[in-house]
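Owing to the predicted nature of the structure, the values given are computational and were not obtained by experimental measurement. Nothing fancy with the numbering, it's 1 onward along the sequence.
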Amino acid sequence: MVASATDGGGAKPLPLLSIGATPSPLVRSGLQVSSLLIPLLLWTVISALELVDGKFLPSPAAVLESLASMAREGILFQDIVASTGRVFAGFFLATLVAVPLGICMGVYPAICALCEPLIAMLRYMPAAAFIPLLIIYLGIGEEPKIALIFLGTVYFNVLMVMDAVKFVPKELIETTLTLGGRGRQVLVQVVARYSLPSIIDTLRINIATSWNLVVVAELVAAEVGLGKRIQLAQRFFRTDQIFAELIVLGLIGFAIDMGFRLLLRLSCRWAL
């Protein structure tokens, strides 16, 4: 069943693929489960029929066994802790810089004119291209990995936060100033609060870039990490481990995405 439209005499059910049709909670849940089960089913069938050599496409059972083996050995936990730590450290630093700078650029045209051209240019420079410089400047420890994730996300965060702030109705700002509000009050109590849902959504979207970059970052002399494990598995042609690590990356990313959605529901109920 899908949401119905009211037309004079009563409600009429809308076809599932009609524009504006909202699936019922049961149908929505079924579609969400199907999005995961259908690829898994296809993967199982292809493996069972041996349509692709198992060395190139391991079966789900082989991947699950590899995952369990790494978990028993403690490798998986070490990799998860190392990778998530790097992602959160780099993204947290990027957020500390991007949110206040983006808000200021959205509110003050002079700051926007000063910063936007440089940021617009820097965001087109691939973060991976900075790896040689990061190694020269920061060595081969954790610092260049965190810095790479920072560089790969901060510019996108700044510009998207700036755009979110620009959508704050000018009437709200003018009314606040008319009622005696000062610059700081306008920024914190009006602009920041009104933009908060969009800012959280921006962070939710851009943290996926951090997960993409952590694999690249861990190629820089890392000893542990999901990306490093993928590199080692490729060296020894362990496609089952590669698939296992990719699945873990996807599951953790999905959990983070759900965490941001929960944060949005809890902190911005007025906007939902």
Side-chain angles (χ1 to χ4, degrees), residues 19-20 22 84-127 130 143 146-214 217 252-272:
I19 296 177
T22 302
T84 53
R86 290 161 185 155
V87 168
F88 283 127
F91 194 76
F92 177 72
L93 292 175
T95 301
L96 285 182
V97 173
V99 172
L101 180 57
I103 291 175
C104 289
M105 288 174 63
V107 173
Y108 302 109
I111 296 178
C112 180
L114 176 65
C115 299
E116 187 175 17
L118 178 61
I119 293 175
M121 181 181 68
L122 289 174
R123 75 186 179 99
Y124 281 102
M125 297 181 183
F130 288 91
E143 292 84 358
I146 294 173
L148 179 66
I149 294 171
F150 171 86
L151 289 174
T153 54
V154 64
Y155 306 122
F156 294 95
N157 281 346
V158 168
L159 294 179
M160 292 179 70
V161 169
M162 178 191 71
D163 287 339
V165 169
K166 286 183 176 180
F167 281 101
V168 176
K170 292 183 179 180
E171 293 80 5
L172 286 178
I173 298 176
E174 292 172 355
T175 301
T176 305
L177 293 174
T178 301
L179 294 175
R182 297 180 179 180
R184 184 176 179 181
Q185 290 176 313
V186 172
L187 283 176
V188 176
Q189 298 183 15
V190 178
V191 175
R193 286 191 179 183
Y194 189 93
S195 305
L196 184 59
S198 297
I199 291 174
I200 292 176
D201 216 35
T202 291
L203 300 179
R204 179 182 67 84
I205 293 170
N206 286 339
I207 198 170
T209 304
S210 298
W211 273 109
N212 293 332
L213 287 171
V214 75
I252 295 175
F254 180 75
I256 292 174
D257 190 88
M258 291 297 102
F260 272 105
R261 291 177 185 270
L262 178 61
L263 175 63
L264 183 62
R265 287 198 296 269
L266 294 178
S267 62
C268 304
R269 294 181 180 178
W270 52 268
L272 302 178

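Residues Ile149 and Trp211 fail the side-chain proximity criterion, which asks for heavy atoms closer than 4.5 Å. Proximity of Cys112 to Lys166: side-chain heavy atoms (C-beta onward) are separated by under 4.5 Å at one or more points. Residues Phe88 and Ile207 form a side-chain contact, since some pair of their non-hydrogen atoms from C-beta on lies under 4.5 Å apart. Using a 4.5 Å heavy-atom cutoff, the side chains of Phe91 and Val214 are not in contact. At least one side-chain heavy atom of Ile119 sits less than 4.5 Å from a side-chain heavy atom of Met105.
Interatomic distance, Leu93 CG to Ile146 CD1, rounded to the nearest 0.5 Å: 7.0 Å. We find the OG1-CG distance between Thr209 and Leu213 to be 6.5 Å, quoted to the nearest 0.5 Å. Summarising the geometry, atom CG belonging to Leu159 is positioned 6.5 Å from atom CD belonging to Glu116; distances are rounded to the nearest 0.5 Å. Rounding to the nearest 0.5 Å places CD1 of Ile256 at 7.5 Å from OG1 of Thr84. Taking CZ of Arg261 as the reference point, atom CD1 of Ile200 lies at 12.5 Å (rounded to 0.5 Å). Atom-to-atom distance recorded for Phe150:CZ and Glu143:CD is 14.5 Å, nearest 0.5 angstrom.
Scanning for side-chain contact (heavy atoms from CB on, under 4.5 Å) contacts around Phe92 gives Leu96, with sequence neighbours left out.
For the side chain to side chain donor-acceptor pair (under 3.5 Å) with Asn206, the lone residue among Asn157, Asp201, Thr153 that qualifies is Asn157.
Considering all non-hydrogen atoms of both residues, Ala98 and Val154 come closest at CB-O, 3.8 Å. The two residues Val168 and Ser195 come nearest to each other via the heavy atoms CG2-OG, 3.3 Å. Of all heavy-atom pairs spanning Val87 and Ser210, the tightest one is CG1-CB, 3.7 Å. Closest approach of Pro169 to Tyr194, counting heavy atoms only: CD-CZ, 3.4 Å. The two atoms that bring Leu148 and Ala127 nearest to each other are CD1-O, 3.0 Å, heavy atoms only. Closest non-hydrogen pair, Phe156 versus Arg123, comes out as CZ-O, 3.7 Å.
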